[in-house]
Amino acid sequence: MDYEQFKSQILSLTKIDLNAYKERQMKRRIDALIAKNKYPSYREYVDAIKTNNRLFEEFVNYLTINVSEFWRNPEQWKVLEQEIFPELIKNFGKNLKIWSAACSTGDEPYSLVMLLSKFVPLNKISIIATDIDKQVLEKAQAGLYNQKSIAGLPQEFKDKYFTKIGMSNYQISDEIKKCVEFKQGNLLEDKYPANMDLIVCRNVLIYFTDEAKTEVYKKFNASLKKEGVLFVGSTEQIINYRDLNYQSYRSFFYKKI
């Protein structure tokens, strides 16, 4: 079995399309994982993940790049607080429809809830958060984080919404957890939620090919209400945003025209 056949087997097994990822980078990662597990060929590895649940979960987990922290790039959260949320609330009211796409271990949707709680009571906040990786969603729902994850979070939120567990771990409060609905979702395969006011998708699409990126940005656009906002990562400026029906609103924030 060559790499092309391997990709096709993985697509039917996991619904993950490896063609959407940069090939050299992804093949290197996969080859390293197969070698670590001491399988001599793609065929034997595929046969193994078909029957071994632990190997299957490890494989999916390995494909998803989980580097996550609360309040990543604080200056962008300031823009969200001072400009984006006030404008969205003015345009759409306080029951905002927000989607955290590729939410990883939950740091991002929980950060969104905490920031939005400065404008809206917690019992009125509901955020959809999706990721392809079941294991990170389990971590997100557990809501247990280490010191490094929450290092950048404003002190007011640490004091208000976290309980220290042991030496260096922190448990997020149930009242924040209740505001987020976590679901498994594949950006390249699954149906997107409709009528969103804000979509946050950061530091994920850098791993996709240009074609896959364009496809996802188009689908995000269709998923947003008119004048809804897409918030992307700090390495993910959308060069051809006009062609995709966005206007550049602030750095890393794009508004649907």
Can the ring centroids of Y249 and Y241 be said to lie less than 6.0 angstrom from one another? no
Please tell me if the side chains of K50 and L13 come closer than 4.5 Å, counting only heavy atoms from C-beta onward. yes
Going from CG on L88 to CD1 on I98, what distance comes out if it is rounded to the nearest 0.5 angstrom? 7.5 Å
State yes or no: do V136 and L144 share one hydrophobic cluster built from I, L, V, M, F, W and Y residues joined by side-chain heavy-atom distances below 4.5 Å, directly or via other members? no
Is a salt bridge present between E87 and K255, judged by a nitrogen-to-oxygen distance below 4.0 Å? yes
What's the separation between atom CZ in F85 and atom NZ in K118, rounded to the nearest 0.5 Å? 11.5 Å
Students often mix this up, so state it plainly: with edges at 30° and 60°, are the rings of Y3 and F6 parallel, tilted or perpendicular? parallel
Quick one: pull up OH in Y207 and CZ in R29 and give me the separation to the nearest 0.5 Å. 8.0 Å
Would V232 and I257 show up in the same hydrophobic cluster when neighbours are defined by side-chain heavy atoms closer than 4.5 Å? no
Where L33 and F59 come nearest, the two heavy atoms and their spacing: CD2-CD1, 3.8 Å
Determine the interplanar angle of the Y110 and F182 rings, folded into 0 to 90°, and report it as parallel if under 30°, tilted if 30 to 60°, perpendicular if over 60°. perpendicular
Can you give me the closest heavy-atom contact between I132 and Q184, atom names plus distance? O-NE2, 2.9 Å
Test I150 against F157 for side chain to side chain contact (heavy atoms under 4.5 Å, CB included), laying out the working first. CA-CA 10 Å; I150 70 163; F157 294 142; over 6 Å; no
Could you tell me the separation between the OG atom of S41 and the CG atom of D47, rounded to the nearest 0.5 Å? 8.0 Å
Distance-only donor-acceptor check, side chains Q76 and R202, under 3.5 Å: yes
Look at the side chain of N221 and the backbone N and O of L244, then say whether any donor-acceptor pair between them is shorter than 3.5 Å. yes
Under 3.5 Å, is there a donor on one side chain and an acceptor on the other for N37 and E58? yes
L112 side chain reached by L80 side chain, heavy atoms, under 4.5 Å: yes
Would you tell me whether T130 and W99 have side-chain atoms, one donor and one acceptor, within less than 3.5 Å of each other? yes
Looking at A102 and V204, what are the two nearest heavy atoms and their distance? CB-CG2, 3.4 Å
Is there a side chain to side chain contact (heavy atoms under 4.5 Å, CB included) between E83 and R250? Walk through the geometry before answering. CA-CA 9 Å; E83 299 180 45; R250 293 283 176 275; 2.5 Å; yes
How about P86 and F119: do any of their side-chain heavy atoms sit closer than 4.5 Å? yes
Measure the shortest side-chain to side-chain distance between Y161 and L153 over non-hydrogen atoms and say whether it is less than 4.5 angstrom. no
Distance only, no hydrogens: is a donor on one side chain within 3.5 Å (strictly under) of an acceptor on the other, for Y45 and D31? no
Can you see whether Y254 engages Q237 through a side-chain donor-acceptor pair at a distance of less than 3.5 angstrom? yes
For N52 and A48, indicate whether the former's side chain and the latter's backbone hold a donor-acceptor pair under 3.5 Å. no
Is there a side-chain contact between K160 and M114, using heavy atoms and a 4.5 Å cut-off? no
Taking the six-membered ring for Trp and the full ring for Phe, Tyr or His, determine whether the centres of F220 and Y192 are under 6.0 Å apart. yes
Roughly how far, to the nearest 0.5 Å, is CD1 of I125 from CG of L116? 4.0 Å
Starting at CG of L198, measure out to CD1 of I84 and round the result to the nearest 0.5 Å. 8.0 Å
Nearest atoms (heavy-atom pairs only) where Y170 meets N146: CD1-C, 4.5 Å
Under 3.5 Å, is there a donor on one side chain and an acceptor on the other for E108 and S100? yes
Cut-off 3.5 Å, side chains only: do N245 and K256 have a donor facing an acceptor? no
Pairwise side-chain contact, E23 with K7, heavy-atom cut-off 4.5 Å (strictly under): yes
Looking at N195, N91, D197, which hits side chain to side chain donor-acceptor pair (under 3.5 Å) with K225? D197
